[in-house]
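Notes to accompany the following structure.
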Amino acid sequence: MSNDPWVIYGETLTSRLFLGTARYPSPKVMADAVEASGAEVLTVGMRRQAPSEVGGGSIWEHIAGLGRRVLPNTAGCHTAQEAVNLAEMAREIFDTNWIKLEVVGDDYNLQPDPYALIDATRQLIERGFKVFPYSTDDLVVCTRLRDLGCEVVMPWGSPIGTGKGLLNPYALRTLRARLPDVSLVVDAGIGVPSHAAKALELGLDGVLLNTAVARADDPVAMAEAFAHAVRAGRTAYRAGAMPESETAEPSTPVVGTPFWHNRSA
């Protein structure tokens with residue numbers, strides 16, 4: 001929507017969909033999916049995507065050549081210091097202060113470690129990074145991240161890679177109400193376009209996803225479907241939903257007899 005700009009760390013975006021770049025069948029499919037999605041920001045896993053050769057250049061060079069803003073991430077890190085070190089390497093490789101910060105606290109569901117996340121966020125902001133922290137939907141943790149200077153917070157919808165969608169809409173609505181000046185991007189757990197639409201309907205500013213597109217039978221078509229869903233959800237939020245009711249109410253109220261009827265005596 002042309003009259004609905006989204007400004008993140010001073011950058012104006014028109015798409016509210018961030019797209020990951022891992023697990024696609026081929027670099028060509030990835031590039032076509034990026035184009036179909038309309039995404040302007042692509043995430044790159046510094047540890048989980050090895051810079052292997054692709055068509056004479058590294059996969060990182062291939063991604064950078066797509067003409068989108070690159071958001072490196074620290075996926076796979078388990079300590080604050082490990083994440084800070086990887087962020088510094090990412091800044092050197094991609095020449096960006098943007099970093100998606102991930103610090104794993106549990107290897108079973110890949111839940112972020114809130115203590116290490118806050119510690120790493122503090123260090124990175126002091127070093128001049130623009131931090132996109134991946135967190136749970138915990139209000140206190142997200143508030144602390146905001147207070148440290150994060151203009152963006154990325155709460156999960158459900159554990160990463162599960163495709164379960166938004167397990168706690170109440171928590172996400174609470175985040176929206178309590179952090180009105182923070183850009184909230186649902187990161188992790190999105191499985192189908194309706195999940196993305198729901199996140200935007202709740203008032204969150206965007207979604208980040210990877211597996212839902214990369215592992216679809218047709219990643220390019222699924223990327224397009226998500227683009228439509230994100231736009232629909234945002235438009236619905238701005239339009240304002242009707243209030244819910246516990247009882248039925250006719251959509252056309254009865255105001256009298258609309259027609260004369262000939263009745264036999």
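All heavy atoms count here, side chains included; hydrogens, waters and symmetry mates do not.
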For [X] and [Y], which heavy atoms make the closest approach, and how far apart are they?
{"X": "Ser183", "Y": "Ile8", "answer": "OG-CG1, 4.3 Å"}
{"X": "Val104", "Y": "Gly76", "answer": "CG2-N, 4.3 Å"}
{"X": "Pro155", "Y": "Leu204", "answer": "CG-CD2, 4.5 Å"}
{"X": "Ala90", "Y": "Pro72", "answer": "CB-CB, 3.6 Å"}
{"X": "Ala188", "Y": "Ile160", "answer": "CB-CA, 3.7 Å"}
{"X": "Ser158", "Y": "Gly189", "answer": "OG-CA, 3.1 Å"}

TODO: Under 4.5 Å between side-chain heavy atoms, chaining through other members, with only Ile, Leu, Val, Met, Phe, Trp and Tyr counted: pull out the rest of the cluster around Tyr108, sorted by chain and number.
DONE: none
Task: Fellow cluster residues of Val192, listed by chain then number, with links counted only when side-chain atoms sit under 4.5 Å apart - done: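 Joined to Val192, directly or through intermediates: none.
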TODO: Could I get the full list of side-chain contact (heavy atoms from CB on, under 4.5 Å) partners for Tyr237, not counting sequence neighbours?
DONE: Arg234
Open item on the list: So, using side-chain contact (heavy atoms from CB on, under 4.5 Å) as the criterion, who are the partners of Ser245 when residues are at least two apart?
Closed with: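 In terms of side-chain contact (heavy atoms from CB on, under 4.5 Å), with neighbours along the sequence ignored, Ser245 is linked to Thr247.
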Exercise answer: donor-acceptor pairs, residues 122-132 side-chain atoms, under 3.5 Å, sequence neighbours excluded:
residue	atom	partner	partner atom	Å
Gln123	NE2	Asp119	OD1	3.3
Arg127	NH1	Glu88	OE2	3.1

- [ ] Only counting residues at least two apart or in another chain, list the ones meeting ring-ring contact (aromatic ring centres under 6.0 Å, His included) with Phe226.
- [x]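 By the ring-ring contact (aromatic ring centres under 6.0 Å, His included) rule, Phe226 matches no residue at all.
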Open item on the list: I need the full list of salt bridge (Lys or Arg N to Asp or Glu O under 4.0 Å) pairs touching residues 174-195, with sequence neighbours left out, sorted by first then second residue.
Closed with: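 Passing the test, one end in residues 174-195: Lys100-Asp187, Arg176-Asp205.
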- [ ] Provide the full list of salt bridge (Lys or Arg N to Asp or Glu O under 4.0 Å) pairs with a residue in residues 65-75, sequence neighbours left out, each pair given once.
- [x]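 For residues 65-75: Glu11-Arg69, Glu35-Arg68.
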Going from [atom1] on [X] to [atom2] on [Y], what distance comes out if it is rounded to the nearest 0.5 angstrom?
{"X": "Ser37", "Y": "Leu17", "atom1": "OG", "atom2": "CG", "answer": "5.0 Å"}
{"X": "Leu145", "Y": "Cys150", "atom1": "CG", "atom2": "SG", "answer": "5.0 Å"}
{"X": "Asp4", "Y": "Arg231", "atom1": "CG", "atom2": "CZ", "answer": "12.5 Å"}
{"X": "Thr162", "Y": "Asn109", "atom1": "OG1", "atom2": "CG", "answer": "9.5 Å"}
{"X": "Tyr9", "Y": "Thr96", "atom1": "OH", "atom2": "OG1", "answer": "11.5 Å"}
{"X": "Leu184", "Y": "Cys142", "atom1": "CG", "atom2": "SG", "answer": "7.5 Å"}

Open item on the list: Using the rule given for side-chain contact (heavy atoms from CB on, under 4.5 Å), can you reason through Arg16 versus Val207, listing the C-alpha separation, both sets of side-chain angles and the distance that settles it, and then say yes or no?
Closed with: CA-CA 7 Å; Arg16 292 173 179 270; Val207 296; over 6 Å; no
- [ ] Go through the side-chain N and O atoms of Trp156 and Ser135 and say whether any donor and acceptor fall under 3.5 Å apart.
- [x] no
- [ ] Assess the side chains of Asn97 and Arg91: does a donor N or O sit below 3.5 Å from an acceptor N or O?
- [x]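 Looking only at side-chain atoms, Arg91 and Asn97 do form a donor-acceptor pair, the distance falling under 3.5 Å.
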Task: Pairs meeting criterion side chain to side chain donor-acceptor pair (under 3.5 Å) with involvement of residues 216-226, two or more places apart - done: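 Qualifying pairs, neighbours excluded: none.
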- [ ] Please collect all side chain to side chain donor-acceptor pair (under 3.5 Å) contacts where either partner lies in residues 137-154, sequence neighbours excluded, each pair once.
- [x]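 Residue pairs passing side chain to side chain donor-acceptor pair (under 3.5 Å), neighbours aside: none found.
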- [ ] Answer yes or no: is there a donor N or O on one side and an acceptor on the other, between the side chain of Ser26 and the main chain of Val29, under 3.5 Å?
- [x] yes
Open item on the list: Would the distance check show the side chain of Glu102 and the main-chain N or O of Pro112 forming a donor-acceptor pair, the cut-off being under 3.5 Å?
Closed with: no
If you define the side chain from C-beta out and look only at heavy atoms, does anything of [X] sit under 4.5 Å from [Y]?
{"X": "Val152", "Y": "Val185", "result": "yes"}
{"X": "Val213", "Y": "Leu19", "result": "yes"}
{"X": "Val186", "Y": "Leu166", "result": "yes"}
{"X": "Cys77", "Y": "Val84", "result": "no"}
{"X": "Tyr24", "Y": "Asn210", "result": "yes"}
{"X": "Met222", "Y": "Pro193", "result": "yes"}

TODO: Name all residues meeting the side-chain hydrogen bond (donor to acceptor under 3.5 Å, both in side chains) criterion together with Asn168; count only those two or more places apart in sequence or in a different chain, and write none if there are none.
DONE: none
Open item on the list: I'd like to check the side-chain hydrogen bond (donor to acceptor under 3.5 Å, both in side chains) partners of Asp107; sequence neighbours left out, ordered by chain and number.
Closed with: His78
Does [X] belong to the same Ile/Leu/Val/Met/Phe/Trp/Tyr cluster as [Y], with side-chain heavy atoms less than 4.5 Å apart forming each link?
{"X": "Val44", "Y": "Trp98", "value": "no"}
{"X": "Leu13", "Y": "Val70", "value": "no"}
{"X": "Met89", "Y": "Phe94", "value": "yes"}
{"X": "Leu42", "Y": "Leu208", "value": "no"}
{"X": "Ile118", "Y": "Ile99", "value": "yes"}

Open item on the list: Ring centres under 6.0 Å, that's the criterion: do Trp6 and Phe18 meet it?
Closed with: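 Aromatic pair counts; centres sit under 6.0 Å.
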Open item on the list: Less than 4.0 angstrom from a charged side-chain N to a carboxylate O is my criterion; do Asp32 and Lys28 meet it?
Closed with: yes
